[in-house]
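To find a chain, count down the sequence lines: A is the first, B the second, and so on, and within it residues start at 1.
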Amino acid sequence: MNKVYNNRAWWLILPMLLLVAFSAVIPLMTVVNYSVQDVFDANTRFFTGTEWFKEMLNDPALQAAVLRQFAFSLTVLAIEVPLGIGIALIMPKKGWQASAVLILVTMPLLIPWNVVGSIWQIFTRGDIGLMGWSLRELGYGYNITASPVDAWATIILMDVWHWTPLIALLCFSGLRSIPDAYYQAARIDRASKWAVFRYIQLPKLTNVLVIGVLLRFMHSFMIYAEPFVLTGGGPGSSTTFLSQSLTTMAIGQQDLGPSAAFSLIYFLIILLVTWVFYTAIMNMQKDDNNQEA
Amino acid sequence: MEWMVWTTPTTVFFAVIAAMLAGMTAWEVISPTVERKGFLPISTTRGDRLFIGLLSAAYIHLVVVGFTPLSIWLALGASVLWLLVLMRWG
């Protein structure tokens with residue numbers, strides 16, 4: 001049989017491509033241009049070559065921010081993914097309870113970033129905040145403006161509260177799409193709950209988990225408003241993440257050249273990590289399919 | 001285009017990238033790529049290998065510029081060589 005290849009459907013993405021070119025590609029090209037120059041205004045600019053890149057890569061504050069950022073992203077992923085899967089597994093599947101729980105779980109996702117920051121800022125205050133006050137009454141000297149450990153724990157807790165629902169929702173929809181026949185077969189085999197999870201539910205969740213992990217990684221890697229409102233990056237610089245360093249440099253100090261160079265390094269890190277995640281997970285899946293076949 | 005503050009090196013850079021994409025498209029039309037496994041741990045198509053090559057070229061440049069006193073032309077040479085090796089045997 002002769003298979004006819006017809007790729008004309010690709011033309012349909014043309015409008016999207018134009019939009020992205022306008023909103024992302026052209027600005028990104030401009031950033032590249034800025035990163036090799038010292039620009040004062042349209043007529044006064046000097047070519048600096050790789051100067052800014054050298055400076056940014058050797059800046060101890062930025063190196064610390066990169067490590068901090070990775071620590072943060074990996075921590076929230078390590079907590080949110082298992083927790084999200086767990087929540088999805090115990091969520092009721094039908095009836096009014098399903099809708100009620102679904103709405104409750106979705107609630108944190110609807111709150112804007114800086115409002116989340118404000119909520120937690122008040123929540124953790126020692127004098128009027130419920131959590132801050134309770135912890136102090138219990139005898140723990142909780143203070144996010146003085147103790148880096150408290151600040152970190154609070155930011156991670158805040159992110160888990162805000163974003164675990166996303167993973168839970170994705171997994172919930174993934175679980176709902178598994179046909180009943182799989183479960184019936186498992187029952188006939190007297191498969192344990194763990195076996196059902198390991199060999200039916202988890203493999204069927206791979207696709208949504210790929211999306212979930214990628215979204216959460218990129219989101220957390222670009223986190224800005226929440227820690228900015230909650231701790232302002234402090235105490236000291238213990239919760240200053242990459243976006244905040246970048247904003248301080250670009251908006252606060254108007255150092256456009258160095259910030260452009262730094263943005264590109266930031267972009268390359270995200271590109272590499274997401275590509276590795278994506279490729280690794282897609283390959284796992286391919287191997288699984290080969291085994292089945 | 002004045003606001004984009006173009007310089008010669010960045011213009012050349014983007015022109016080369018655009019030419020590569022156009023070239024890859026033409027190559028794909030003339031003889032479609034076949035996914036295969038080379039020395040990389042995953043099986044790749046031609047486009048995958050180009051992407052991996054360009055991404056690693058960016059990192060090669062960053063390392064050379066940031067942490068060694070070597071010239072950036074050396075990084076460029078190494079990257080081109082690496083890209084060719086990758087495209088052929090990757």
Side-chain angles (χ1 to χ4, degrees), chain A residues 3 5 7 10 21 25-59 62-63 256-257 260-262 264-276 278-284 286-287 290, chain B residues 1-18 21 24-26 28-37 40-45 47-76 79 90:
Chain A
K3 206 170 169 186
Y5 283 97
N7 284 331
W10 282 104
V25 179
I26 291 177
L28 189 65
M29 288 165 111
T30 314
V31 169
V32 173
N33 290 341
Y34 267 88
S35 72
V36 294
Q37 301 179 77
D38 201 357
V39 182
F40 293 97
D41 57 55
N43 302 314
T44 331
R45 50 198 175 95
F46 303 97
F47 186 72
T48 55
T50 57
E51 199 71 25
W52 299 135
F53 287 92
K54 204 181 185 71
E55 201 176 292
M56 290 299 104
L57 286 167
N58 289 297
D59 187 330
L62 290 181
Q63 289 170 349
L256 296 182
F262 180 52
L264 290 176
I265 298 168
Y266 197 174
F267 170 67
L268 284 172
I269 296 175
I270 294 193
L271 193 60
L272 179 68
V273 176
T274 42
W275 180 79
V276 168
Y278 183 79
T279 315
I281 296 173
M282 282 303 154
N283 266 286
M284 260 158 48
K286 226 184 266 174
D287 290 346
N290 289 345
Chain B
M1 282 304 172
E2 189 50 41
W3 63 274
M4 284 180 78
V5 291
W6 283 101
T7 63
T8 317
T10 50
T11 312
V12 172
F13 170 75
F14 282 115
V16 170
I17 298 277
L21 292 181
M24 290 295 282
T25 311
E28 179 70 27
V29 169
I30 295 165
S31 80
T33 176
V34 179
E35 195 169 315
R36 64 161 165 82
K37 185 143 174 0
L40 289 171
I42 51 172
S43 51
T44 51
T45 62
D48 292 336
R49 291 194 291 278
L50 180 72
F51 176 78
I52 296 170
L54 289 179
L55 191 58
S56 40
Y59 277 88
I60 292 171
H61 279 80
L62 283 185
V63 169
V64 168
V65 164
F67 307 112
T68 67
L70 301 171
S71 151
I72 191 169
W73 297 108
L74 203 81
L76 183 65
S79 300

Non-hydrogen atoms of [X] and [Y] that approach each other most closely:
{"X": "A:Asn33", "Y": "B:Met4", "answer": "ND2-O, 2.7 Å"}
{"X": "A:Arg45", "Y": "B:Thr7", "answer": "NH1-CG2, 4.3 Å"}
{"X": "B:Gly66", "Y": "A:Leu57", "answer": "CA-CD1, 3.5 Å"}

Query raised in the report: Is there a side-chain contact between B:Thr8 and A:Phe47 (heavy atoms, below 4.5 Å)?
Result: no
Query raised in the report: Side chains of A:Ile269 and B:Tyr59: closer than 4.5 Å at any heavy-atom pair?
Result: yes
Just verifying a value: how many Å separate [X] [atom1] and [Y] [atom2], rounded to the nearest 0.5 Å?
{"X": "A:Leu271", "Y": "B:Phe51", "atom1": "CG", "atom2": "CZ", "answer": "4.0 Å"}
{"X": "B:Leu40", "Y": "A:Thr279", "atom1": "CG", "atom2": "OG1", "answer": "10.5 Å"}
{"X": "A:Lys54", "Y": "B:Ile72", "atom1": "NZ", "atom2": "CD1", "answer": "10.0 Å"}

Query raised in the report: Would you say B:Trp3 has more than 12 foreign heavy atoms packed within less than 6.0 Å of its CH2?
Result: yes
Query raised in the report: Is the CZ atom of B:Phe67 crowded by more than 12 outside heavy atoms at less than 6.0 Å?
Result: yes
Report summary line: Whatever's closer than 4.5 Å to a heavy atom in chain A on B:Thr68 counts as backbone
Query - Per-residue contact mode, B:Leu55 against chain A (heavy atom under 4.5 angstrom) - result: side chain
Query raised in the report: Does any heavy atom of chain B fall under 4.5 Å from the side chain of A:Leu264, the backbone, both, or neither of them?
Result: neither
Query raised in the report: Between A:Val32 and chain B, which part of the residue has a heavy atom less than 4.5 Å away: side chain, backbone, both or neither?
Result: both
Report task. Applying side chain to side chain contact (heavy atoms under 4.5 Å, CB included), run through B:Phe14 and A:Val25 and close with a yes or a no. Result -> CA-CA 11 Å; B:Phe14 282 115; A:Val25 179; over 6 Å; no
Report task. Report the option among B:Val5, B:Val65, B:Thr10 that has the most heavy-atom pairs separated by less than 4.5 Å from atoms of chain A. Result -> B:Val5
